[in-house]
Amino acid sequence: MSIVTTDPCHDLTGLELLRGLSPDALEEARTAARIRQLPRNTRVFNQGDLDVRAHALLQGSVRISQSGSDGAQVVVRFITKGEMFGTVALFTDHRYPADAETLSDCVEVSWSEAALATLMSRHSPIAINFIRIIGRRLQEAQERIRELATQRVEQRIAHALLRLSRRAGRATAGGTTIELPLRRKDIADICGTTLHSASRILTPWEKAGWLTTRDQHLTLHEIAKIRHVAEAAGD
């Protein structure tokens, strides 16, 4: 069950969509927003839903997954604190292209299409930020397509772990902990492989001490070795 809140303590300054705004513009964005507290395993929206809003995370993490016509589901992206999601649907067919589900307790902020359009017209940094974000997402998508077409499974998994460590990693005494609850199936999905193949690769890495898993959180101990796998030339 979600809880709608107007708590002024929720800070919007960390949102990539609102970067560079003046305090007055941030307050205007806050006033136009709906802010919700969402417990873990809450469905934020469903693939195909029409009640489209522009979403961003103030706290927590979200899994974006997409279902095919055969019912098979794959992970498209993980959303972390400060990132936007679901927004592209406002500028395409007005249907969410995927499901969004919370992986932890979250605080989510969203705007209606009309509110976002008004904010963009009044504050050009929002529109510029949006274009930059979409550009980065397209670049990431192109990189993943290239990896799928040209790289071995172990390279794709190594690249995925390195990307996640950059986006959601926290430095610890033993290495870098990815602060997302990850199932091996999530890693397999985002790398375009099977659970069996992902486990076949990750298990030896774990035995070798390159990484450990605790409570679905991965800690990378040997990032240099994982990077070496990612950058290795093909056979």
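Fair warning: this is a prediction, and the values are worked out from it, not measured in the lab.
- Leu218 forms part of a hydrophobic cluster together with Val75, Phe78, Leu103, Val153, Ile157, Leu161, Leu162, Leu164, Ile178, Leu180, Leu182, Ile187, Ile190, Ile201, Leu202, Trp205, Trp210, Leu211, Leu220, Ile223, Ile226, Val229, judged by ILVMFWY side-chain heavy-atom separations under 4.5 Å.
- Between Asp189 and Ser65, every side-chain heavy-atom pair lies at or beyond the 4.5 Å cut-off.
- The two residues Thr42 and Pro39 have their closest heavy-atom pair at OG1-O, 2.7 Å.
- The CG atom of Leu18 sits 12.5 Å away from the CZ atom of Phe130 when rounded to the nearest 0.5 Å.
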Candidate pair Asp99 and Arg43, rule side-chain contact (heavy atoms from CB on, under 4.5 Å), full reasoning: CA-CA 7 Å; Asp99 300 325; Arg43 186 62 63 87; 3.3 Å; yes
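- A distance-only check finds a donor-acceptor pair linking the side chain of His217 to the backbone of Asp215 [under 3.5 Å].
- Smallest separation of non-hydrogen atoms from Ala54 and Leu116: CB-CD2, 3.8 Å.
- Panel note: side chain Thr102, backbone Asn41; a donor-acceptor pair is recorded below 3.5 Å.
- Each of Ile79 and Val74 belongs to its own hydrophobic cluster when Ile, Leu, Val, Met, Phe, Trp and Tyr are linked at side-chain heavy-atom distances under 4.5 angstrom.
- Judged by distance alone, the side chain of Gln66 and the main-chain N or O of Pro97 form a donor-acceptor pair under 3.5 Å.
- Here Thr193 pairs with nothing under the side chain to side chain donor-acceptor pair (under 3.5 Å) rule; sequence neighbours left out.
- Residues Ser104 and Ser61 approach most closely at OG-N, 3.2 Å, considering heavy atoms.
- Around CZ of Arg136, the count of heavy atoms belonging to other residues, nucleotides or ligands within 6.0 Å exceeds 12.
- Here the straight-line distance linking atom CD1 of Ile128 with atom CG of Leu17 works out to 12.0 Å at 0.5 Å rounding.
- Using a 4.5 Å cut-off on side-chain heavy atoms (C-beta onward), Arg36 and Val44 make contact.
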Do His228 and Glu222 pass the side-chain contact (heavy atoms from CB on, under 4.5 Å) test, and can you show the C-alpha distance, the side-chain angles, and the key distance before you say yes or no? CA-CA 10 Å; His228 178 75; Glu222 298 285 354; over 6 Å; no
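- Once rounded to the nearest 0.5 Å, the distance linking CG of Leu119 with OG of Ser124 reads 12.0 Å.
- Take Arg227 and apply the side chain to side chain donor-acceptor pair (under 3.5 Å) test, not counting sequence neighbours, and it matches no residue.
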Would Asp24 and Ser22 count as a side chain to side chain donor-acceptor pair (under 3.5 Å) here? Give the steps. CA-CA 5 Å; Asp24 287 345; Ser22 67; 5.4 Å; no
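- Note: Gln216 CD to Arg184 CZ = 11.5 Å, rounded to the nearest 0.5 Å.
- If you run side chain to side chain donor-acceptor pair (under 3.5 Å) between Glu108 and each of Arg34, Gln37, His55, only His55 comes through.
- Rounding to the nearest 0.5 Å gives a distance of 8.0 Å between CZ of Arg30 and CG of Leu26.
- Rounding to the nearest 0.5 Å gives a distance of 7.5 Å between CD of Gln155 and OG1 of Thr150.
- Ile145 and Ile134 sit in two unconnected hydrophobic clusters of ILVMFWY residues. Membership requires side-chain heavy atoms under 4.5 Å apart, directly or through other members.
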Working for side-chain contact (heavy atoms from CB on, under 4.5 Å), residues Gln59 and Cys106: CA-CA 5 Å; Gln59 178 182 312; Cys106 292; 5.9 Å; no
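- No donor-acceptor pair under 3.5 Å is formed between the side chain of Arg77 and the backbone N or O of Ile64.
- Using a 4.5 Å heavy-atom cutoff, the side chains of Leu57 and Glu83 are not in contact.
- In terms of heavy atoms, Cys191 sits closest to Leu148 at O-CD2, 3.5 Å.
- Residues Arg214 and Thr219 form no side-chain contact, since every pair of their non-hydrogen atoms from C-beta on lies 4.5 Å or further apart.
- In terms of modelled atom types and a separation under 3.5 Å, the side chain of Asp49 and the main chain of Asp51 share no donor-acceptor contact.
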Could you walk me through whether Met84 and Leu15 satisfy the side-chain contact (heavy atoms from CB on, under 4.5 Å) test, starting with their C-alpha distance in whole Å, then the side-chain angles of each, then the deciding distance to 0.1 Å, before giving a yes or no? CA-CA 8 Å; Met84 55 176 265; Leu15 295 181; over 6 Å; no
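- Residues Ala230 and His159 approach most closely at O-NE2, 3.1 Å, considering heavy atoms.
- Side-chain contact between Leu58 and Asp11 is absent, with no heavy-atom pair separated by less than 4.5 Å.
- Ionic pairing of Glu140 and Arg163 is not present here: no N-O contact between side-chain nitrogen and carboxylate oxygen is shorter than 4.0 angstrom.
- In this structure, Leu138 is a member of the same hydrophobic cluster as Ile133, with clusters built from ILVMFWY side-chain heavy atoms closer than 4.5 Å.
- Atom NZ of Lys81 is surrounded by 12 or fewer heavy atoms from other residues, nucleotides or ligands within 6.0 Å.
- Nearest heavy atoms, Gly86 versus Val52: O-CG1, 4.1 Å.
- For the pair Gln151/Arg146, a side-chain contact is recorded, criterion being any heavy-atom separation below 4.5 Å from C-beta on.
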Check the pair Arg19 / Glu16 against salt bridge (charged side-chain N to carboxylate O under 4.0 Å, His left out), numbers first and verdict last. CA-CA 5 Å; Arg19 196 164 293 156; Glu16 57 183 355; 5.1 Å; no
